[in-house]
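All figures in this text were calculated on a predicted structure; none of them were measured in a lab.
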Amino acid sequence: MPRIVLSVFGDCSIEVDEVRLTPNAPHLFALLLILALAEGRRYTRQELQDLLFNDGGSSRAASHNVRQLLYRLRQFGLSFDEQPSGLRIYGSEL
């Protein structure tokens, strides 16, 4: 399981093993920050859509965007425990 390291002093970043995310990728950074700090809390996809894409755009586009962000996080080696009650990151250390 990848190790997640959050740095808030100096340049803000989140590291997932060798990958370093910064706020330059705002939605991806925000999603990982939300899930990493959740401490076991589950977020439904609808909650994530509301948090990340509450800009008056279409619900369909927001759903697609969340799906794509989760896909990108999976490419970094993260996996998710997804239940009807929501999803959370499996076994991350912060």
Nearest heavy atoms of L48 and V66, plus distance in Å: C-CG2, 4.2 Å
More than 12 heavy atoms from other groups under 6.0 Å of CD on E18: no
Separation between CD of Q68 and CG of L28, rounded to the nearest 0.5 Å: 11.5 Å
Heavy-atom side-chain proximity of I89 to I4 below 4.5 angstrom: yes
Sidechain-backbone polar pair: R42 side chain, D81 backbone, donor-acceptor under 3.5 Å: yes
Audit row: L37, L6, side chain to side chain contact (heavy atoms under 4.5 Å, CB included) steps and yes/no: CA-CA 9 Å; L37 295 177; L6 173 62; 4.1 Å; yes
Minimum heavy-atom distance between Y90 and F80, given as atom pair plus value: CE1-O, 3.3 Å
Heavy atoms of other groups near D11 CG, more than 12 under 6.0 Å: no
Those residues that, when tested against F53, pass ring pair (Phe, Tyr, Trp, His ring centres under 6.0 Å) (two or more places apart): H27
Would you give me the side-chain donor-acceptor pairs under 3.5 Å for residues 57-64, sequence neighbours excluded?
unit_1: S58; atom_1: OG; unit_2: A61; atom_2: N; d: 2.9
unit_1: S63; atom_1: OG; unit_2: R67; atom_2: NH1; d: 3.3

Contacts table for residues 69-76: side-chain donor-acceptor under 3.5 angstrom, sequence neighbours left out:
unit_1: Y71; atom_1: OH; unit_2: Q75; atom_2: NE2; d: 3.2

Exercise: identify the closest heavy-atom pair between G77 and P2: O-CG, 3.1 Å
4.5 Å side-chain heavy-atom contact, Q49 and N65: no
Results of side-chain hydrogen bond (donor to acceptor under 3.5 Å, both in side chains) for E15 - residues two or more places apart only: none
Spacing of D50 atom CG and T44 atom OG1 [to the nearest 0.5 Å]: 7.5 Å
Evaluation steps, side chain to side chain contact (heavy atoms under 4.5 Å, CB included), between L33 and I14: CA-CA 8 Å; L33 184 62; I14 304 173; 3.9 Å; yes
R20: salt bridge (charged side-chain N to carboxylate O under 4.0 Å, His left out) partners, not counting sequence neighbours: none
Nearest non-hydrogen partners of C12 and P23, listed with the distance: O-CD, 3.4 Å
Set of side-chain hydrogen bond (donor to acceptor under 3.5 Å, both in side chains) partners for E39, sequence neighbours left out: none
